[in-house]
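Below is one structure; the comments refer to it alone.
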Protein chains: 2
Amino acid sequence: MRIVAKEEGKVSDAVVRRLPRYYRYVRELMRNGVTRVSSAELSKRMGLTASQIRQDFNCFGGFGQQGYGYNVEELYEQLTRILGLDEQYNTIIIGAGNIGQAIANYTDFEKDGFILQALFDINPRLIGLAIRGIEIRDIDELGAFVQQHPIDIAIIATPRAKAQEVADMVVRYGIKAIWNFAPVDIVVPSDVVIENVHLSDSLYTLSYKIKELRSDPD
Amino acid sequence: MRIVAKEEGKVSDAVVRRLPRYYRYVRELMRNGVTRVSSAELSKRMGLTASQIRQDFNCFGGFGQQGYGYNVEELYEQLTRILGLDEQYNTIIIGAGNIGQAIANYTDFEKDGFILQALFDINPRLIGLAIRGIEIRDIDELGAFVQQHPIDIAIIATPRAKAQEVADMVVRYGIKAIWNFAPVDIVVPSDVVIENVHLSDSLYTLSYKIKELRSDPD
DNA sequence: TAGATTGTTAATCGATTAACAATC
DNA sequence: TAGATTGTTAATCGATTAACAATC
């Protein structure tokens with residue numbers, strides 16, 4: 001009998017980066033009522049090699065079946081579990097400007113189990129307002145709030161200059177995960193995980209691609 | 001005498017993804033009045049090897065000096081040029097909801113030369129409104145607008161279900177670059193470049209990291 | 001059973017790191 | 001000049017692809 005999950009945790013970053021994409025595609029298959037899929041078929045849709053898909057899945061144990069392929073529902077459940085999307089996460093947003101408000105309003109994340117509990121800002125004009133019924137609080141209340149409400153993820157949407165300071169603060173209050181939207185690399189202790197959304201980096205990459213395209217239209 | 005720029009265009013994706021980060025760090029050095037930097041020093045700040053930094057820069061020609069290092073201003077100018085940030089780009093946003101409005105309000109991109117010319121939406125309640133003085137237009141006017149105003153980049157901020165349709169439209173109107181915020185992989189011809197900001201993928205990656213951290217706190 | 005497709009090992013490819021001659 | 005640091009070649013490492021036995 002085969003053990004369902006191999007020793008996870010030493011999976012390379014390259015593989016981890018592909019997992020959300022697998023999740024999206026398999027979820028789409030679910031929505032379309034597809035019940036089984038082979039690595040060959042998935043490879044055609046996703047533009048990867050079938051070999052790579054099988055290698056990737058096998059980092060987490062074999063959940064396919066020889067001669068059949070993968071059961072879509074089973075695969076979806078496994079990917080959900082692997083990504084930790086079978087749990088709920090309490091979040092707060094720090095910085096209730098443009099970006100902060102946009103994320104607060106983006107309800108799709110709630111469907112995936114990321115529950116926004118509060119926003120925080122330094123600006124008196126924003127404090128006391130609410131987005132989707134969720135109050136914007138004074139940053140000074142952060143410590144007290146976190147003590148009373150266990151928070152899994154702090155979403156940093158402050159200006160660049162304040163981001164590291166805010167990060168230090170949330171780390172001090174015991175929050176172990178940061179989703180950072182400020183255009184700067186934040187430094188955190190090794191027992192805190194961070195994921196960056198560097199919008200400007202993405203835009204610069206696009207302008208690089210444009211330049212490349214224009215100089216060499218292949 | 002050495003040629004300043006090697007044959008660019010065959011640079012690996014791994015290198016290209018690091019370029020915006022180099023740009024940010026070197027800009028920061030400029031701001032702080034630093035005039036020279038060695039690959040060893042930069043490597044310490046950025047958490048890369050000095051070897052990798054030299055290899056990366058040398059994809060675009062040697063702009064360092066033996067025994068001295070790199071002149072910060074020169075390096076900054078080179079990176080600006082390499083990324084295509086010495087030019088201006090006209091942009092439009094399609095989808096003037098949360099995300100679209102947030103991007104429209106984020107003025108930092110204008111400083112880098114990305115000029116927002118218009119927003120487009122399908123919702124009659126939004127059409128006619130303006131953000132930073134830039135009008136939200138009916139999506140039906142897109143074709144006529146693009147004909148009169150040359151647009152370099154279309155920023156797609158529509159719901160998932162409309163993204164591919166909108167992409168097909170902008171491609172038909174001759175726009176060659178797409179910055180996509182919809183949580184879906186858009187298909188475009190090979191003479192169009194695309195860069196995705198998959199926020200949900202980033203969030204799922206974070207939840208993966210949280211799970212990993214909790215199961216194996218190293 | 002025969003056909004299909006996985007899981008897994010081996011081969012290849014590309015990216016990163018190390019080393020050092022060139023040279024400022 | 002001597003010391004420092006690049007540019008570049010060679011060595012290593014890791015990720016991707018190919019191949020195929022296992023097996024449903």
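Letters go in sequence order (proteins before strands), and every chain restarts at 1.
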Under a 3.5 Å limit for both distances, which nucleotide forms a Watson-Crick or G-U wobble pair with D/dG14, could you say? C/dC13
Protein-nucleotide distance (B/L42, atom CG; D/dT6, atom C1'), rounded to Å: 14 Å
What contact category does B/T49 fall into here, base, sugar-phosphate, or nothing, at under 4.0 angstrom with non-hydrogen atoms? sugar-phosphate
Would you kindly give the CG-to-C1' distance between A/N58 and D/dT17, to the nearest whole Å? 15 Å
Whole-Å distance, A/Q66 CD to D/dA19 C1', equals 15 Å
Quick check: any donor-acceptor pair below 3.5 Å linking the side-chain of A/S12 to the base of D/dA15? no
In this structure, how many angstroms lie between the C1' atom of D/dC24 and the CD atom of A/E74, rounded? 15 Å
Would you indicate which nucleotide in C/dC24, C/dC20, D/dT16 comes nearest to any side-chain atom of A/Q52? D/dT16
B/R21 with A/D201: basic N within carboxylate O range, under 4.0 Å: no
Do A/Y70 and A/R54 come close enough that some side-chain heavy atom pair is under 4.5 Å? yes
Between C1' of C/dT6 and OH of A/Y70, the distance in whole Å: 6 Å
Can a salt bridge be assigned to the pair B/R17 and B/D13 using a cut-off of 4.0 Å between side-chain N and carboxylate O? yes
Counting only distance, no hydrogens or angles, is the base of C/dT17 paired donor-acceptor with the side chain of B/Q55 under 3.5 Å? yes
So that I know where these two stand, are A/F114 and A/W179 an aromatic pair - ring centroids less than 6.0 Å apart? no
With heavy-atom distances below 4.5 Å as the criterion, would you say the side chains of B/N105 and B/I131 are in contact? yes
To the nearest angstrom, how far is A/Q65 atom CD from D/dA22 atom C1'? 13 Å
Of D/dG7, C/dT5, D/dA19, the nucleotide closest to the side chain of A/S51 is D/dA19
Paired with D/dA21 by Watson-Crick or G-U wobble geometry, both distances under 3.5 Å: which nucleotide is it? C/dT6
Both B/R18 and A/G64 contact DNA chain C. Taking the nearest nucleotide for each, which residue is further toward the 5' end? A/G64
